[in-house]
Each structure stands twice: as C-alpha cells, then as structure tokens.
Peer 1: 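First the structure, which I've put down as structure tokens, then a few questions once you've had a look.
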Amino acid sequence: LPISVLVLLGFFAFVSVSPGGSGTLLHDRTPSLEQARALHTGGLGIRRPAGLGFSPSDGHFLILADHTSAPEAVDAGTLVLMNFLEEPVGSLSLPEVIPDPINMTFDASAGRLLLLDTAHGRLMAIPLEPGGDPVGAAGAPYETLLTGPIAARGMTVDPATGDLYILDALARRLVRIEPNLQWSEPLVALRRARISYRHLSGLGPVDLRGIAFDPTGGHLFVMSPSRRMLYETTVRGEALASYDLATLALRDTQAMVFAPSSDATDDAAVTNLFIADTGSDGVQTHGHIFELSLTQPALVPGAATLVPSFL
C-alpha cells in the first residue's frame with residue numbers, strides 16, 4: 001500500500017498568541033443548535049466510532065473504530081467507508097494502526113487521507129481515488145519526529161487551501177500547517193509547509209477533544225466533553241460563540257467533521273456538523289455518528305457574555 005510519511009520538524013515560522021485583554025466576547029448561540037439525526041454504524045461492524053472524515057467527491061464518511069475498551073468486528077487497522085444511508089461502501093487496510101483514531105482527517109484539496117501517529121511523531125498521507133481506493137506509487141516515504149510535546153486530540157483541513165489544523169489539548173492551542181503552494185506536487189508542498197501555533201483564547205481551562213473546519217463560515221469548532229460545550233473560533237484561535245450540548249444524547253464524543261445535510265429536502269449548500277460518539281458511558285457501549293444542525297440566527301442584543309481569558 002503506497003503511503004507517504006511527512007515531516008513535521010522545526011519549521012518554526014512563528015508562534016503567535018491571539019490578541020486581547022483580560023477577556024474575549026463569546027456569544028451564546030445555544031438556541032441555534034439541534035440534533036438532526038443519529039447515524040448507526042453497527043451495520044459496518046463498528047460499535048464505537050471514533051475516527052471520522054468525509055470525502056465530498058463521492059459523499060462517503062471515512063470511519064475508524066475505537067478499540068481501547070473492547071475489540072470490534074473490524075480490526076483497528078481497517079478504515080470503513082459509509083454513505084448517508086448507513087451502508088458500507090468499501091474499506092481500506094491501513095499500513096499501520098495509529099494510537100488514537102481521532103487523529104484522522106480527509107484532505108479534500110488533495111484527495112488524501114491524513115493520519116497522525118503521535119507515538120512516533122509522524123504524519124502519514126495516503127492518496128485516495130474517489131471511492132476510497134489508494135492511488136498508485138506516490139514516491140518514497142519519509143518521516144521524522146514532531147518537535148516538542150503535543151497532545152493531539154483531532155485534526156481538520158480547510159478544503160479550499162489545504163491548511164491542516166491539529167488540536168493540541170495539552171497547551172489548548174491550534175497547530176496550523178500551511179502547505180507551501182510554490183510546489184505544485186501536494187506531498188512536497190506539505191513537506192515544506194509552514195507551521196505556526198495559535199492559542200485558543202477566551203475558553204478558559206477547559207478540556208478539549210475534537211475539531212472541525214466549517215467551510216461555509218471559515219471558522220473552527222472544538223469540543224469540551226466534560227462541559228458538554230461546543231466552541232466556535234476563528235482560525236487564529238479567537239473565541240466567537242459557544243453552544244450548549246447538555247440536552248443532546250452525547251456520551252463520549254470523538255472526531256468531528258462538517259458535511260452536507262443528510263436531509264434530501266435541504267438546500268445542497270447546507271452543511272451540518274457530524275460527531276462520532278463511542279457511546280461509552282459506563283452503561284451503554286453502542287455509539288453513533290450524530291448530525292447537528294448549526295443554522296445560526298441573528299444575535300440577540302444582550303446575549304453575549306464576557307468569558308475571562310486564562311491564556
């Protein structure tokens with residue numbers, strides 16, 4: 001299976017912290033969030049979905065199972081493709097198992113699967129044909145270690161630019177990897193990428209897991225599982241809005257991705273947030289992929305609250 005393992009070494013372009021004083025204006029948009037659907041993955045042989053991506057060219061979800069608590073019907077190195085009808089449409093055997101399946105995403109700008117192996121500090125790129133089949137030989141693989149400690153808890157890509165965002169939960173920051181577009185070959189452009197760091201200002205000392213890029217608004221969304229909150233930020237890490245998830249049936253949220261609405265009556269341009277949830281809460285261990293509608297109403301005067309910045 002052809003893969004390329006890409007360098008994430010010493011490209012210290014700059015380290016920047018979002019501007020701001022003692023606080024950030026964070027708008028509460030709770031009324032705009034609702035659960036649209038729960039997609040079942042049991043028919044795929046996956047009871048606990050954790051890794052999640054989406055390929056817009058063929059409308060398929062790419063799913064990895066969580067094997068930390070119990071074995072699954074599919075092995076840890078098998079990526080399963082699913083359509084909106086919850087039907088399996090293919091699978092891909094990965095060259096190796098990554099420690100945490102949440103660190104997976106699909107780069108639509110280059111048609112490739114990206115997997116981060118934090119245990120060995122490697123970013124693996126697997127070019128895929130529409131339908132999930134790997135592309136032919138993509139050159140010799142290369143690798144190196146990540147620089148410094150990082151607690152990666154999710155990845156996402158801007159499909160327009162190919163910029164990769166890694167959520168570093170340890171430092172509550174974004175690691176942004178911008179491909180060098182002076183190189184036309186996608187793998188070379190990523191290898192020569194510019195790496196920068198942006199602190200997530202205005203969220204306070206919250207636990208974070210899961211990140212998704214919204215191509216409609218150009219913003220990022222990150223999750224706090226313990227607080228059951230979803231936060232919207234700029235790509236510079238500046239907090240914009242919060243969404244309360246307490247009323248939803250989420251138990252153990254993992255990877256997130258934006259994809260077209262599964263409702264055939266919606267406009268084709270409507271995108272929703274899809275969240276992989278293992279369902280593991282000590283009682284139930286059967287997960288789903290939850291579809292959340294984030295249609296945003298106009299802000300109501302006085303609805304904003306000042307959230308102290310601890311960064």
Side-chain angles (χ1 to χ4, degrees), residues 24-41 48-54 61 63 66 100-102 105 153-156 165 167 169 172 174 200-217 219-234 237-263 266 270-297 299-300 303-308 310:
T24 300
L25 198 61
L26 193 64
H27 297 287
D28 180 5
R29 300 185 183 182
T30 301
S32 66
L33 185 149
E34 62 180 15
Q35 180 177 317
R37 184 184 175 192
L39 285 75
H40 301 269
T41 59
R48 291 173 296 278
L52 183 64
F54 183 76
F61 291 98
I63 307 169
D66 171 38
D100 191 344
I102 197 174
T105 190
R153 296 294 183 270
M155 306 195 306
T156 189
Y165 297 88
L167 175 62
R172 291 197 306 280
L174 302 171
L200 289 162
S201 61
L203 302 186
V206 297
D207 66 309
L208 296 172
R209 185 171 68 219
I211 183 171
F213 181 86
D214 178 9
T216 302
H219 295 157
L220 294 167
F221 286 76
V222 295
M223 176 83 73
S224 172
S226 65
R227 293 195 177 188
R228 300 178 68 82
M229 294 291 292
L230 182 69
Y231 299 102
E232 180 181 359
T233 79
T234 68
E238 300 155 341
L240 294 175
S242 65
Y243 301 83
D244 190 346
L245 308 178
T247 61
L248 303 182
L250 302 173
R251 290 184 173 87
D252 184 40
T253 57
Q254 299 292 322
M256 310 189 299
V257 67
F258 276 90
S261 169
S262 66
D263 188 342
D266 284 342
V270 174
T271 59
N272 287 337
L273 180 64
F274 293 79
I275 303 174
D277 190 301
T278 69
S280 301
D281 60 356
V283 178
Q284 181 176 339
T285 57
H286 186 75
H288 300 84
I289 295 174
F290 290 98
E291 179 182 2
L292 305 185
S293 173
L294 294 170
T295 303
Q296 298 175 353
L299 291 176
V300 178
T305 56
L306 189 66
V307 177
F310 295 86

Peer 1: Kindly give the heavy-atom pair with the smallest separation between Pro215 and Phe258, and that separation in Å.
Peer 2: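 The pair with the smallest heavy-atom distance is CD-CB, 3.9 Å.
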Peer 1: Is a side-chain donor or acceptor of Arg172 paired with a backbone partner of Gly204 at a separation under 3.5 angstrom?
Peer 2: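 Answer holds: yes.
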Peer 1: For a quick check under 3.5 Å, do Asp207 and Ser226 share a side-chain donor-acceptor pair by atom type?
Peer 2: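 Ser226 and Asp207 do have a side-chain donor-acceptor pair below 3.5 Å.
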Peer 1: Distance from Leu167 atom CG to Leu174 atom CG, nearest 0.5 Å?
Peer 2: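 Leu167 atom CG to Leu174 atom CG measures 7.0 Å (nearest 0.5 Å).
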Peer 1: Mind checking what makes side chain to side chain donor-acceptor pair (under 3.5 Å) contact with Thr216, not counting sequence neighbours?
Peer 2: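 Scan of Thr216 (side chain to side chain donor-acceptor pair (under 3.5 Å), adjacent residues dropped) gives Thr271.
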Peer 1: Taking side chain to side chain contact (heavy atoms under 4.5 Å, CB included) as the definition, give me every residue that meets it alongside Thr253, ordered by chain and number, with sequence neighbours left out.
Peer 2: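 So Thr253 forms a side chain to side chain contact (heavy atoms under 4.5 Å, CB included) with Arg209, Met223, Pro225, Leu250, Ile275, Asp277.
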Peer 1: How far does CG of Leu52 sit from CD1 of Ile289, to the nearest 0.5 angstrom?
Peer 2: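 Going from the CG atom of Leu52 to the CD1 atom of Ile289 covers 5.0 Å.
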Peer 1: How close do Gly287 and Thr41 get, counting heavy atoms only, and between which atoms?
Peer 2: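 Taking Gly287 first and Thr41 second, the nearest heavy atoms are O-OG1, 4.2 Å.
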Peer 1: So, taking the atom named CZ in Phe213 and the one named CZ in Phe221, what distance separates them when rounded to the nearest 0.5 Å?
Peer 2: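 Here the interatomic distance stands at 10.5 Å.
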Peer 1: Looking at every non-hydrogen atom in both residues, tell me the closest pair between Asp66 and Ala50 and how far apart they are.
Peer 2: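 Shortest heavy-atom contact: CB-CB, 3.8 Å.
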Peer 1: For residues His219 and Leu240, determine if any side-chain heavy atom of one lies less than 4.5 Å from a side-chain heavy atom of the other.
Peer 2: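 Sidechains of Leu240 and His219: in contact.
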Peer 1: What is the minimum heavy-atom distance between Gln254 and Pro49, and which atoms define it?
Peer 2: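 Minimum heavy-atom contact is CG-O, 4.1 Å.
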Peer 1: Please name all residues satisfying salt bridge (Lys or Arg N to Asp or Glu O under 4.0 Å) with Arg37, sequence neighbours left out, ordered by chain then number.
Peer 2: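 Partners of Arg37 under the salt bridge (Lys or Arg N to Asp or Glu O under 4.0 Å) test: Glu86.
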Peer 1: How would you list, by chain and number, every residue that makes a side chain to side chain contact (heavy atoms under 4.5 Å, CB included) with Ala259, sequence neighbours excluded?
Peer 2: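 Partners of Ala259 by the side chain to side chain contact (heavy atoms under 4.5 Å, CB included) criterion, ordered by chain and then number, come out as Phe54, Phe61, Phe274.
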Peer 1: How are the rings of His288 and His40 set to each other: parallel, tilted or perpendicular (split at 30° and 60°)?
Peer 2: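 Rings of His288 and His40: perpendicular, over 60°.
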Peer 1: Are Met229 and Asp244 close enough that some pair of their side-chain heavy atoms sits under 4.5 Å apart?
Peer 2: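 Yes, their side chains come closer than 4.5 Å.
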Peer 1: Would you say Leu273 and Met256 make side-chain contact, with heavy atoms under 4.5 Å?
Peer 2: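 A side-chain contact exists here, since the closest heavy-atom pair is under 4.5 Å.
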Peer 1: Return the set of residues passing side chain to side chain donor-acceptor pair (under 3.5 Å) with Asp263 (not counting sequence neighbours), or none when no residue passes.
Peer 2: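 By the side chain to side chain donor-acceptor pair (under 3.5 Å) rule, Asp263 matches Thr265.
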Peer 1: Supply the atom-to-atom distance Glu238 CD to Glu232 CD, rounded to the nearest 0.5 angstrom.
Peer 2: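 Reported value, rounded in 0.5 Å steps: 12.5 Å.
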Peer 1: Under 4.5 Å between any side-chain heavy atoms of Ile211 and Tyr165, yes or no?
Peer 2: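 Yes, side chains in contact.
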Peer 1: Does Arg227 have any salt bridge (Lys or Arg N to Asp or Glu O under 4.0 Å) partners at least two apart in sequence or in another chain, and if so, which?
Peer 2: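 By the salt bridge (Lys or Arg N to Asp or Glu O under 4.0 Å) rule, Arg227 matches no residue at all.
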Peer 1: Any non-hydrogen side-chain atom of Leu292 less than 4.5 Å from a side-chain atom of Leu248?
Peer 2: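 Side-chain contact under 4.5 Å: yes.
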Peer 1: Test side chain to side chain contact (heavy atoms under 4.5 Å, CB included) on Val257 and Thr156; report intermediate values, then the result.
Peer 2: CA-CA 8 Å; Val257 67; Thr156 189; over 6 Å; no
